[in-house]
K.L.:
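Below is one structure. I have some questions about it.
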Amino acid sequence: MIQVYDSLTRQMAPFKPHIPGHVSIYTCGVTPYDHSHIGHARPAVVWDVIRRHLRRRGYVVTFVQNFTDIDDKIIRRAEELGRPVDDLATEYMAEYHQILDHLGVMPPDYAPRVTENIGPIVEYIEALIQKGKAYAARGDVYFRVKSDPEYGRLSGRKLEDMLEGVRVEVEPGKEYPGDFALWKSAGAGEPAWPSPWGPGRPGWHIECSAMSMRYLGAHFDMHGGGMDLIFPHHENERAQSRAYLEDEAVTLWVHSGLITRGDVKMSKSLKNGVTLGELLDQFPPHVLRTYLLSVHYRSPLDFDERYIQDWSRALSRIDRLWQDVREAPPARDVADGDWAETLVGFEEQFLAALDDDFNTARAFAIVFDMVNAAHRGIDQGNGEMARGLARRNLAVADDILGFLPEQPGTGAMDEALLQSVVSARDGARRERNWAFSDALRTILTDAGYEVLDGADGTRVHRRSLHDTN
RNA sequence: GGCGACGUAGCCAAGUGGUAAGGCAGGGGUCUGCAAAACCCCUAUGCCCCGGUUCGAAUCCGGGCGUCGCCUCCA
């Protein structure tokens, strides 16, 4: 039984897709007007794990993630750069996809753009006007927020409270200060599409209501995004969909926690962000990916190089075991001992952790326990069995979490050279020529290999991660 | 000001009623030519503080203190 925390009810809910065996998910993507940053990566990676886990549990998953490729910010940015809006959006969308690909994130099944869905959006708005939930005013269209008695429930606030804040500017055409735009009339020189209310563009929230319906149908199972989207974006989206459908569109609202820097939220206005491009120059993709998974997805995650280093060291424990067991044949029999129990029971434990609101932090703890058990098995002389089970277990876990490094295409040394250096070193060691042996070890180490002298001979494997710093 | 979340070892972090996962760092061992890796042992009688409910609370309730978030663009 999979349990998921629902932001609307603020409780855990059993996961039951409305079409048995199928899961439909819509998450808010990015507004492509600047480089992707670490805050974009977290929900992407989290949803990737959710998709992979649901798939592992036998569901067919349809995953939609939109691009808000027309909006005030893009227009402003394009003006600054003197570039066409569409051009800019396309470039940043490509960058986004490319980086997520590095992070091992599966591409969405559909990645609709707002500008390719203007028709459905206009129809949606027209329907809202017909139902009396929205009204046109001077070329703009606004949603009548007071028409929804539940408005404010998702974000946990009351309309009156919100309007006490000074910041709500009252547009001349609004009936009520809290009403928000469904359609915005175009200013001079701005990109515009024709509509019954004159040329303009969609407001920020309507696209998700219209596109989720287009790609997933009126009702879908999970809606995701960062917690900062709860208000106003998802609150408004929910109001629109409720008005249109006279029912809920979304079964579960799933929000990921924000990234902080020194415990302060990372945000556009604070300009304390780090771009993913920069980070990928600094850390291997799988380290970055799994660092984002090292904490439960709803908790805030403080982003600090020091923490990533710690995490990277932890990951190398797993990597080393993998290097040792990757070629191991399947285990044939099972020995006694608590380590054997851990290895055998791993998969069930691991998947159960993810069933519980996608608890990746606990899933990792179970992986570490398993790694430890495998080593114990090996140390106790049951290497064949321990390696065989560990290989399978790591493959199962990696398929969802993605913690193993991508296989390097080419070694730092040519394979034949590597072999000859290793055997030269073995010879030196047999002759107890420690100086030469140590020199060769230094050469191997500098070339990026880890040298492991054991009772059963010397093994060499590519060093990964932090060791190279 | 309104609303909300959180506060677990030196650090990161799981854990929503049954007696504190995991990782990093640190200390001591085993192994080793040395080193690394790996293994073993140790490192929170206590989970911000004070009350309460309960046979029993890190976990529930009340009150403090502190941190952060939303109310404005944001994933």
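Every heavy atom of this structure was used, including side-chain atoms; hydrogens, water molecules and symmetry mates were not. Here is how names work: the chains are called A, B, and so on, in the same order as the sequence lines, proteins then strands, and each is numbered from 1.
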K.L.:
Are there any protein N/O atoms within less than 3.5 Å of an N/O atom in nucleotides 40-44 of chain B, and if so, which ones and at what distance?
P.N.:
{"from": "C40(B)", "atom 1": "OP1", "to": "R376(A)", "atom 2": "NE", "distance (Å)": "3.4"}

K.L.:
Nearest whole angstrom, please: distance from the P of C12(B) to the CZ of F368(A).
P.N.:
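Answer to the nearest Å: 17 Å.
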
K.L.:
Under a 3.5 Å limit for both distances, which nucleotide forms a Watson-Crick or G-U wobble pair with C39(B), could you say?
P.N.:
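Pair assignment: C39(B) / G29(B).
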
K.L.:
Is the side chain of D6(A) donor-acceptor paired with the backbone N or O of A13(A) at a distance under 3.5 Å, no angle test?
P.N.:
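Side chain of D6(A) to backbone of A13(A), a donor-acceptor pair under 3.5 Å: no, none is there.
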
K.L.:
So, H35(A) versus E278(A): side-chain donor-acceptor pair below 3.5 Å or not?
P.N.:
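Side chains of H35(A) and E278(A): no pair found under 3.5 Å.
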
K.L.:
Would you kindly compare D438(A) and H37(A) by the position of their nearest RNA chain B nucleotide and give the one closer to the 5′ end?
P.N.:
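Looking at the nearest nucleotide for each, D438(A) comes out on the 5' side.
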
K.L.:
Considering every strand and a 4.0 Å limit on heavy-atom distances, what is the contact class for L258(A): base, sugar-phosphate, or nothing?
P.N.:
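It contacts base atoms.
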
K.L.:
Between A9(B) atom C1' and D310(A) atom CG, what is the distance in whole Å?
P.N.:
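Distance check: D310(A) CG to A9(B) C1' gives 15 Å.
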
K.L.:
Within this structure, what is the CZ-to-P distance between R362(A) and C12(B), rounded to whole angstrom?
P.N.:
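To the nearest whole Å, that distance equals 22 Å.
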
K.L.:
Just how far is it from atom CZ of F364(A) to atom OG1 of T290(A), taken to the nearest 0.5 Å?
P.N.:
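It comes to 5.0 Å.
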
K.L.:
Partner of U45(B) by Watson-Crick or G-U wobble geometry, both contacts under 3.5 Å, or none?
P.N.:
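Looking at the geometry, U45(B) pairs with no nucleotide.
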
K.L.:
Between A14(B), G4(B), A21(B), which nucleotide gets closest to the side-chain atoms of V295(A)?
P.N.:
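Out of A14(B), G4(B), A21(B), the nucleotide with an atom closest to V295(A)'s side chain is A14(B).
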
K.L.:
Taking atom C1' of C6(B) as reference, at what distance in whole Å does atom CZ of R298(A) sit?
P.N.:
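Rounded to whole Å, this separation is 12 Å.
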
K.L.:
Does W311(A) reach a base, just sugar-phosphate, or nothing at all? Heavy atoms under 4.0 Å.
P.N.:
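Nothing: the residue W311(A), judged by heavy atoms under 4.0 Å, touches no strand.
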
K.L.:
Report which part of the nucleic acid G224(A) touches: base, sugar-phosphate, or nothing (heavy-atom distance under 4.0 Å, all strands).
P.N.:
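Here G224(A) touches no strand at all.
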
K.L.:
Ignoring hydrogens and angles, does a donor from either the side chain of S155(A) or the base of G4(B) sit under 3.5 Å from an acceptor on the other?
P.N.:
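Answer is no: no donor-acceptor pair is held.
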
K.L.:
When you get a sec, tell me which of C73(B), A14(B), A38(B) is the closest nucleotide to the side chain of N359(A)?
P.N.:
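Nearest to the side-chain atoms of N359(A), counting from C-beta on, is A14(B).
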
K.L.:
In whole Å, what is the span from the CZ atom of F180(A) to the C1' atom of C73(B)?
P.N.:
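Roughly 17 Å, once rounded to whole Å.
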
K.L.:
Kindly say whether, by distance alone, the side chain of R441(A) makes a donor-acceptor pair under 3.5 Å with the base of C34(B)?
P.N.:
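Counting by modelled atom types and ignoring angles, a donor-acceptor contact under 3.5 Å is found here.
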
K.L.:
In the structure shown, which nucleotide is the Watson-Crick or G-U wobble counterpart of C34(B), with both distances under 3.5 Å?
P.N.:
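C34(B) is paired with nothing.
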
K.L.:
May I ask you to check whether N66(A) and Y215(A) show a side-chain donor-acceptor distance below 3.5 Å?
P.N.:
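Side-chain D/A pair, N66(A) to Y215(A): absent.
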
K.L.:
Which nucleotide, C34(B), A14(B), A36(B), lies nearest any side-chain atom of L452(A)?
P.N.:
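Side chain of L452(A) sits closest to A36(B).
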
K.L.:
Do S155(A) and E235(A) meet the criterion of a side-chain donor-acceptor pair at a distance under 3.5 Å?
P.N.:
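Judged by distance alone, the side chains do pair up.
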
K.L.:
To the nearest angstrom, how far is L154(A) atom CG from C3(B) atom P?
P.N.:
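So the two atoms are 18 Å apart, to the nearest Å.
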
K.L.:
Between G1(B) and A13(B), how far apart are the P atoms? Round to whole Å, please.
P.N.:
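To the nearest whole Å, 28 Å.
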
K.L.:
Which part of the nucleic acid, if any, lies within reach of I259(A) when heavy atoms closer than 4.0 Å are counted: base, sugar-phosphate only, or nothing?
P.N.:
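It contacts base atoms.
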
K.L.:
Students often get this wrong, so: under 4.0 angstrom with heavy atoms, is R425(A) touching a base, only sugar-phosphate, or nothing?
P.N.:
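Base contact - R425(A) has a heavy atom under 4.0 Å of at least one base atom.
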
K.L.:
Are F67(A) and H97(A) near enough that their ring centres are under 6.0 Å apart?
P.N.:
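Centroid distance F67(A)-H97(A): below 6.0 Å, so yes.
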
K.L.:
For D302(A) and C24(B), give me the distance from atom CG to atom P, rounded to whole Å.
P.N.:
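Taking atom P of C24(B) as the reference, CG of D302(A) is at 20 Å.
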
K.L.:
Step by step, would you call R76(A) with E79(A) a salt bridge (charged side-chain N to carboxylate O under 4.0 Å, His left out)?
P.N.:
CA-CA 5 Å; R76(A) 204 185 322 131; E79(A) 265 171 22; over 6 Å; no

K.L.:
Pairing check on U16(B): which nucleotide meets the Watson-Crick or G-U wobble criteria with it, both distances under 3.5 Å?
P.N.:
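Per the H-bond distance test, none.
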
K.L.:
Between L301(A) and H233(A), which has a closest nucleotide on RNA chain B that is more 5'?
P.N.:
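Nearest-nucleotide comparison on RNA chain B picks L301(A).
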
K.L.:
From the options D69(A), D71(A), D72(A), select the one residue that forms a salt bridge (charged side-chain N to carboxylate O under 4.0 Å, His left out) with R201(A).
P.N.:
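Considering D69(A), D71(A), D72(A), a salt bridge (charged side-chain N to carboxylate O under 4.0 Å, His left out) with R201(A) is found only for D72(A).
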
K.L.:
Mind checking the C1' distance from U32(B) to A21(B)? Whole angstroms is fine.
P.N.:
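Nearest-Å result for U32(B) against A21(B) at atom C1': 32 Å.
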
K.L.:
At under 4.0 Å between heavy atoms, what does D453(A) touch on the DNA or RNA strands: base, sugar-phosphate, or nothing?
P.N.:
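Base contact.
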
K.L.:
Under 3.5 Å, side chain of R261(A) to main-chain N/O of D304(A), donor-acceptor pair present?
P.N.:
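Looks like no, no N/O pair under 3.5 Å.
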
K.L.:
For C6(B), what is the paired nucleotide under Watson-Crick or G-U wobble rules, both distances under 3.5 Å?
P.N.:
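Result: G66(B).
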
K.L.:
Would you classify G226(A) as touching base, sugar-phosphate or nothing, given that sugar-phosphate means primed atoms plus P, OP1 and OP2, and contacts are heavy atoms under 4.0 Å?
P.N.:
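It contacts sugar-phosphate atoms only.
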
K.L.:
Rounded to whole Å, how long is the line connecting atom CG of D356(A) with atom C1' of U16(B)?
P.N.:
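So the two atoms are 11 Å apart, to the nearest Å.
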
K.L.:
In whole Å, measure the gap between the P atoms of C73(B) and G66(B) for me.
P.N.:
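C73(B) and G66(B) have their P atoms separated by 30 Å.
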
